[in-house]
Number of protein chains: 2
Amino acid sequence: MAMTFEGLLADRSRWRTDDCSIGKAMDVIGTRSAILLIREAYYGTTRFDDFVERVGITDAVAAARLKQLVAAGILEKRPYQEPGKRTRYEYVLTRMGEDLLPAVLALMQWGDTYLQPEGGPLTVVERVTGSPVTIRPRGRSGDDLGLDDLAIVSNDDWVAARQAQAAQ
Amino acid sequence: MAMTFEGLLADRSRWRTDDCSIGKAMDVIGTRSAILLIREAYYGTTRFDDFVERVGITDAVAAARLKQLVAAGILEKRPYQEPGKRTRYEYVLTRMGEDLLPAVLALMQWGDTYLQPEGGPLTVVERVTGSPVTIRPRGRSGDDLGLDDLAIVSNDDWVAARQAQAAQ
DNA sequence: CATCTGGCTATGGGACCACCAAGTCAGAGG
DNA sequence: CCTCTGACTTGGTGGTCCCATAGCCAGATG
C-alpha cells in the first residue's frame, strides 16, 4: 500500500523533500477561491463580474485572487471593448492554467465519490460520445496504475539512466 | 478553450454550483500540511515522528492535521506495539485516501512542469517498466482529452439519459 | 459638467493556519 | 518510585483567507 523507492532513495531516513512540487503548487493554488476561479475559467467564464457571481465570493477576494493568478501565469489579462463601452479586461487561461485541468478534475472526481451523498451535481463527459471521463495515473502501456505499481526515482538518477540507455 | 454545457445547463446565467465537489474537497484537504501528509503516506510513512520529520512541520500542526484527516476518513488510526514498548498508533491510508492519488499526482506533475526550474527533484515511474507515469483525463476510447473535448451534464440529466438508453 | 456604472481598492474584523515553546501523560527501564 | 521518551496538547504570536462595507475612478450617458 505504498510506492517503492529506487536507487539512493531507498534509505528513507537519508533524504527529505524540501523543494517538493506539491508544496510549491499549494502555495500558488492552495486556496478555495483560487481553485474555484480556475474551475470557472474552465467553464468558459472570463469577466470579473461573472467570476464574482458564479463562484460566490466577494469582489474584493476575486480581485485579489485574480491578480495573484495572473502574476503566477495561470491567467492572462486581455483587453476587450464592447460597443459604446470603455475598454475592460478579461481573464483567460494560459497554457499553464489549462494544464491544471487534470488536478482540478481529479479533485472533482474524488469529491463526487466521497463527499457528495448523491454523486455530485455535475458530470464531466466526453463531448463527442457522451461517455464519462476518468482520470488516473497511467503507464506507457496505457494501464491504470495503483499505489503499489508506482516507484519514485530521484531525478538525477533518472536522467543518468536515460543517458546511459541512449548511449548504448 | 472551454468546456461545453449540455441540456438545461447551456444557459449559464440560470444556475450556480454552490455544492461543487471541488469546494468540498478543498474544505477537507485545502491546507498545505494536509496534502503533504497524504503525500508522505503514499511514500509509506505511518508514524507520528516520521510524519513530523519528513514533512517538515511542527508536531502541533501534525497532530491537528492527522486528527482531522482521520475524522475525514482519509487516514485510519491503528494500534501497533513494538517489543518492549507500549502500544502506539500508526496512521494508514483508507481506500478514500488512496483514491486521492490521481489528484496529488496531477498536482505534482503540474508543479514539476511549471514551478521547478529543473523539472522537480523526484519522478514517478511505473515500477515494473521504469517508464514515466502520466495522468490526464481520458474518455472511454482511451484517448487523452483536452478542455475542448469535454462537456458538462447535470447529474439528473445524465442519469435520466442512461435510464432512457437502458430502457430501449 | 453631473451622474451613473463596472471594475476594482481600502479598511476592519473573525476564523484559520503555522510557528515556537512549554506542559502533560502512559508506561518501560533503572 | 523516579526518570525518560514518544506522542501528543496547550498557549501565544504572526500571517493569510474570507467577509462586509465603503470609497475611488474612467468614461459613456444625460
Side-chain angles (χ1 to χ4, degrees), chain A residues 13 16 18 20 22-41 45-72 75-92, chain B residues 13 16 18 20 22-41 45-72 75-92:
Chain A
S13 67
R16 244 182 55 187
D18 302 319
C20 165
I22 301 169
K24 296 195 176 193
M26 285 299 287
D27 290 340
V28 180
I29 52 153
T31 69
R32 203 183 133 83
S33 58
I35 288 231
L36 293 181
L37 285 169
I38 292 169
R39 175 207 70 188
E40 263 317 305
T45 301
T46 60
R47 297 188 187 177
F48 189 84
D49 292 21
D50 291 338
F51 278 117
V52 170
E53 161 79 15
R54 293 175 187 168
V55 172
I57 53 180
T58 60
D59 50 0
V61 173
R65 211 61 50 217
L66 285 171
K67 184 178 284 189
Q68 193 174 309
L69 289 172
V70 168
L75 295 176
E76 200 182 21
K77 210 169 171 180
R78 196 179 287 178
Y80 72 95
Q81 189 163 19
E82 290 189 346
K85 298 263 177 85
R86 50 188 278 228
T87 305
R88 293 291 179 191
Y89 293 89
E90 59 183 355
Y91 300 88
V92 298
Chain B
S13 66
R16 243 183 55 189
D18 301 320
C20 165
I22 301 170
K24 296 195 176 193
M26 285 300 285
D27 290 340
V28 180
I29 51 154
T31 69
R32 202 183 133 84
S33 57
I35 290 229
L36 294 181
L37 285 169
I38 292 168
R39 177 208 69 187
E40 263 318 306
T45 302
T46 61
R47 298 189 186 177
F48 189 83
D49 291 21
D50 290 339
F51 278 117
V52 170
E53 161 78 15
R54 293 175 188 169
V55 172
I57 54 179
T58 61
D59 49 1
V61 173
R65 210 61 51 217
L66 284 171
K67 185 178 283 189
Q68 192 174 311
L69 290 172
V70 168
L75 295 176
E76 202 182 19
K77 210 170 170 177
R78 197 180 284 176
Y80 72 93
Q81 189 162 21
E82 289 190 347
K85 298 264 176 88
R86 50 189 279 230
T87 305
R88 293 292 179 190
Y89 293 89
E90 59 182 356
Y91 300 88
V92 298

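Every chain is numbered from 1 and lettered A, B, ... according to where its sequence line falls, protein lines coming before strand lines.
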Residues in salt bridge (Lys or Arg N to Asp or Glu O under 4.0 Å) with A:R88, at least two apart?
none

Shortest non-hydrogen pair, B:I57 vs B:S33, comes out as CD1-CB, 4.3 Å

Among pairs that include at least one residue of residues 46-58 of chain A, which meet salt bridge (Lys or Arg N to Asp or Glu O under 4.0 Å), considering only residues two or more places apart or in two chains?
A:R47-A:E82

Please produce a list of atom pairs where a protein N or O lies less than 3.5 Å from an N or O of nucleotides 24-28 of chain C.
| from | atom 1 | to | atom 2 | distance (Å) |
| --- | --- | --- | --- | --- |
| C:dA26 | O4' | B:R86 | NH2 | 3.4 |
| C:dA26 | N3 | B:R86 | NH1 | 2.9 |
| C:dA28 | O3' | B:G84 | O | 2.8 |

The reported gap from CG in A:L66 to CD in A:Q68 (rounded to nearest 0.5 angstrom) is 10.0 Å

From OH (A:Y80) to OH (A:Y89), nearest 0.5 Å
11.0 Å

side-chain hydrogen bond (donor to acceptor under 3.5 Å, both in side chains) partners for A:T46, two or more places apart
A:E90

So if I take residues 51-58 of chain B and measure heavy-atom distances to DNA chain C, which residues fall below 4.0 Å?
B:G56, B:I57, B:T58

Can you pull out the residues from residues 59-67 of chain B that lie within a 4.0 Å heavy-atom distance of DNA chain D?
B:D59, B:A60, B:A63, B:K67

Covered region of DNA chain D, 5' end to 3' end, by chain B [heavy atoms, under 4.0 Å]:
D:dG6 to D:dT10

I need the B:I38 CD1 to B:L75 CG distance, nearest 0.5 Å.
6.5 Å

As a check of understanding: the bend across the helix from C:dC1-D:dG30 to C:dG30-D:dC1, end axes from five pairs, rounded to 10 degrees, works out to 10°

Could you report the tightest heavy-atom contact between A:V55 and A:E40, atom names first, then the distance?
CG2-CG, 3.3 Å

Tell me the closest heavy-atom pair linking A:I29 and A:L69, and the distance in Å.
CG2-CD2, 4.5 Å

In whole Å, what is the span from the NZ atom of A:K77 to the P atom of C:dG6?
18 Å

Value for OH (A:Y91) from NZ (A:K77), rounded to nearest 0.5 Å, stands at 4.0 Å

Quick one: which residue pairs count as a salt bridge (Lys or Arg N to Asp or Glu O under 4.0 Å) with a foot in residues 56-69 of chain B, not counting sequence neighbours?
none

A:S13: partners by side-chain contact (heavy atoms from CB on, under 4.5 Å), with sequence neighbours left out:
A:D11

Restricting to pairs with a member in residues 27-39 of chain B, which pass salt bridge (Lys or Arg N to Asp or Glu O under 4.0 Å), not counting sequence neighbours?
A:D27-B:R32, A:R32-B:D27

With a 4.0 Å heavy-atom cut-off, tell me which residues in residues 30-38 of chain A come close to DNA chain D, sorted by residue number.
A:T31, A:R32, A:S33

